[in-house]
Amino acid sequence: MRSSSFAIAALAAGLLGWGVVAQNPKTNTFQIEDIPKSKNFPVPENQLVGSVLSGDWAATRRHSWALWAALTAPSQSVWNGQRVPVWETWYSVSEVYSLGPKPPKRRDRTFELARPNQAFLAHPNARNPDPVLFAFVKYNRAAAEFVWQNKYHLQSTLDALQARFEREKTPIEERSIKPFPNDAIALKPVFWLVKNPKSKQSYNGLTVLPYWDPKAPPPPGGVTPDHRTWQQCVAVDPAGKFKPGTEVQVPLNGKMVTAKTVPLTRFYAIPLRDAAEVAAVKMFARELSSAGGEQERMITDPNQLPEIGDSIVFLAMHTTTKEMDNWTFQTFYWLPEPDAPPYGHDRPASIKGVWRNYVMCNAYSMVSPREPDGGYPICFNPYLETDLGPTKAITLSGKQYGPDPMAGTRSNCMNCHNRAGYPAFDDANPFSANMGGVANDGYRPPNDPYFQKMTKVDFLWSVALHAVKDKP
Ligand code: HEC
């Protein structure tokens, strides 16, 4: 009964808090572990495409939930007494790209780059020379090994492909890296910092956590909505001072608001136990807060610095699998009422413990099913996409986009990932890949002129963004 022992471990970690959980570094293990092959994964493409074509959306949602159950199941790895879920054991983007095919023998949950080699430090792309807590894009083994086998972690490979396509005037639809194998999966998790109740940075022992309300009006002033504009929050109560659901007054984005308390046990929470872990989170939060809107991030209040005794809590995760040619896209995020429709009512019993606190939406097509107003399907994660729309008019690949601060709230994962190519986000190159004003503009065929001078990277933006210059 691995799952029930995991539920108990997670409960213990939450209830007893950081100080009490048994720590025995000698028994720490952190080994990459795949989700087991089963009738749920990888599912044959014709079955998934069949569900899309026949409009059986419930079937695609069952598939997304089955993935969630497998990703969040307990792995064999244990770190500081805490059982690690399967997804967390996967390769970080730094392991895949900067370190390349020879990842360090001893992997480490907290400091995946504890001993960066000199070559890596001297590397012009070494954005994370210090230890990091997590690199926030993760690959399973199949995805990582595919990148290594084809040397797609090296810009020289992508440059050579790009040069060949130019030289040979390759038809637009064929200008692509090879497709990933059907068992490849990539992830993008997001965390929030919860202050320890004794910290002066907490609010009477509580930490404010804003959440997305789809009914909330757009923020004034034409700005994009995100956690800095949201008007509703919960108050996380790590000490268990209040009965869950107690109404308290807390400051949110410059106003006092009424919020309900929630215990730490409502989240997958990782305690920060020592100065090294705190330093890692600080470094990483700083790194991510300077990243662009399209980048992975750890969201924290800039006035809240990590301290020993705090926790980082899991808020959300993007998940994409290559079971279909265009990949399956699903995203999971925390909500105070996780069982409500339209995103939480159908969560199956196979999902255990804290992982039942997260809702899910998915995008298995750029055109289907249509929204009630006839528009293209929408799926976004509020912690990652609501702030993506352009606030000023822009011109991208010769196309005009007006200001549309709410574009992120109408976006579709697949529509944007379909645009992923190399080179990307190069202002000097009008033919480089870009996010198209985040416009959700329906089906884009593989021979669309948008792709005419780039190399498609099979929907994974991270290939274009993280491939490194070859080591000397
Ligand atoms: C407007 C563009 C855009 C939208 C919409 C978008 N993404 Fe992404 N996504 C990106 C970019 C850019 C990255 C690369 C981040 C990095 O590597 O730094 C990314 C990274 C990812 C990754 C990590 C693997 C990769 O591609 O590099 C996953 C998984 C992912 N997104 C899933 C989703 C899901 C699921 C949704 C919808 C809920 C979504 N994305 C919506 C642009 C987008």
Side-chain angles (χ1 to χ4, degrees), residues 60 64 67-68 71 87 90-94 96-98 125 127-128 134-140 143-144 146-147 152-153 177 180 184-190 212 224 287-288 290-298 316-322 326-333 343 358-366 376-390 394 396 401 404 406-425 432-441 444 456-468:
T60 67
S64 299
L67 280 172
W68 187 237
L71 288 167
W87 67 264
W90 291 6
Y91 290 126
S92 69
V93 80
S94 317
V96 178
Y97 288 92
S98 311
N125 272 39
R127 300 192 318 159
N128 285 335
F134 301 112
F136 281 14
V137 169
K138 280 175 144 330
Y139 283 11
N140 73 344
F146 171 80
V147 166
Y152 291 150
H153 60 294
I177 64 168
F180 277 74
I185 308 182
L187 312 171
K188 182 149 100 175
V190 185
W212 172 246
T224 53
E287 175 86 13
L288 295 180
S290 64
E294 77 284 7
Q295 297 287 325
E296 68 270 38
R297 69 189 87 178
M298 169 169 167
M317 189 158 77
H318 276 348
T319 303
T320 186
T321 77
K322 183 66 186 182
N326 285 358
W327 299 73
T328 75
F329 287 88
Q330 40 269 306
T331 195
F332 304 87
Y333 56 95
Y343 297 136
Y358 302 84
V359 299
M360 176 269 295
C361 85
N362 68 5
Y364 282 30
S365 161
M366 290 174 249
Y376 294 125
I378 293 171
C379 172
F380 66 94
N381 189 311
Y383 290 108
L384 287 164
E385 272 91 39
T386 57
D387 64 342
L388 287 187
I394 46 168
L396 283 173
Y401 295 88
D404 187 4
M406 297 301 282
T409 70
R410 294 187 306 275
S411 61
N412 173 301
C413 322
M414 189 184 277
N415 184 268
C416 181
H417 275 262
N418 171 258
R419 302 179 69 96
Y422 178 88
F425 304 114
S432 66
N434 62 68
M435 300 203 297
V438 195
N440 182 355
D441 53 3
R444 188 173 306 105
K456 279 172 263 183
V457 290
D458 196 16
F459 287 72
L460 287 201
W461 279 109
S462 47
V463 177
L465 294 175
H466 295 284
V468 295

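Whatever order the structure lists ligands and atoms in, that order sets their numbers, starting from 1. What's counted below: heavy atoms across the whole structure, side chains too, no hydrogens, waters or symmetry copies.
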Quick one, Asn418 and Phe459 - any side-chain contact, counting heavy atoms below 4.5 Å?
yes
Atoms of ligand 1 under 4.0 Å from any heavy atom of Thr331, numbered from 1 in the order shown, are 38 (C)
Straight-line distance of His466 NE2 to Tyr97 OH, nearest 0.5 Å:
7.5 Å
Which part of His417 is near ligand 1, with near meaning a heavy atom under 4.0 Å away: side chain, backbone, both or neither?
side chain
Under 2.8 Å: N/O/S of Cys413 next to atom 8 (Fe) of ligand 1:
no
Any donor-acceptor pair under 3.5 Å linking the side-chain atoms of Trp212 with those of Asn381?
no
Any idea how Tyr333 and Tyr383 line up, ring-wise: parallel (<30°), tilted (30 to 60°), or perpendicular (>60°)?
perpendicular
Can you check whether Gly408's main-chain N or O pairs, donor with acceptor, with Glu385's side chain at less than 3.5 Å?
no
For the CG atom of Asp458 and the CD1 atom of Ile177, what is their distance to the nearest 0.5 Å?
5.5 Å
At a 4.0 Å threshold, what atoms of ligand 1 neighbour a non-hydrogen atom of Leu187?
23 (C), 29 (C)
Does Cys379 have a heavy atom less than 4.0 Å from any atom of ligand 1?
yes
Return the option from Lys188, His318, Glu385 holding the heavy atom at the smallest distance from atom 19 (C) of ligand 1.
Lys188
Atoms in ligand 1 flagged as close to Cys416, the criterion being non-hydrogen separation under 4.0 Å
1 (C), 2 (C), 3 (C), 4 (C), 5 (C), 42 (C), 43 (C)
Hey, what's the ring geometry for Tyr139 with Phe180, parallel, tilted or perpendicular (30° and 60° as the breaks)?
perpendicular
So which bit of Val137 gets within less than 4.0 Å of ligand 1, heavy atoms only: side chain, backbone, both or neither?
side chain
Considering the heavy atoms of Gln330, write down every atom of ligand 1 situated less than 4.0 Å from one of them.
35 (C)
Atoms of ligand 1 less than 4.0 Å from Ala186 heavy atoms?
24 (C), 29 (C)
Would you say Arg444's side chain and Asn415's backbone share a donor-acceptor pair under 3.5 angstrom?
yes
For Val438, all residues meeting side-chain contact (heavy atoms from CB on, under 4.5 Å), sequence neighbours excluded
Leu388, Ala407, Ser411
Can you name the atoms of ligand 1, numbered from 1 with element, that are less than 4.0 Å from a heavy atom of Leu388?
1 (C)
Using distance alone, decide if ligand 1 has a nitrogen or oxygen within less than 3.5 Å of any nitrogen or oxygen in Ser462.
yes
Sub-3.5 Å N/O-N/O distance, His466 and ligand 1:
yes
Report yes if Trp461 has an N/O atom closer than 3.5 Å to an N/O atom of ligand 1; otherwise report no.
yes
Should the SG-SG distance of Cys361 and Cys379 be recorded as below 2.5 Å?
yes
State the atoms of ligand 1, each with its element, that fall below the 4.0 Å cut-off from a heavy-atom position in Met435.
1 (C), 2 (C)
Counting from 1, what ligand 1 atoms have a heavy atom of Thr320 closer than 4.0 Å?
29 (C)
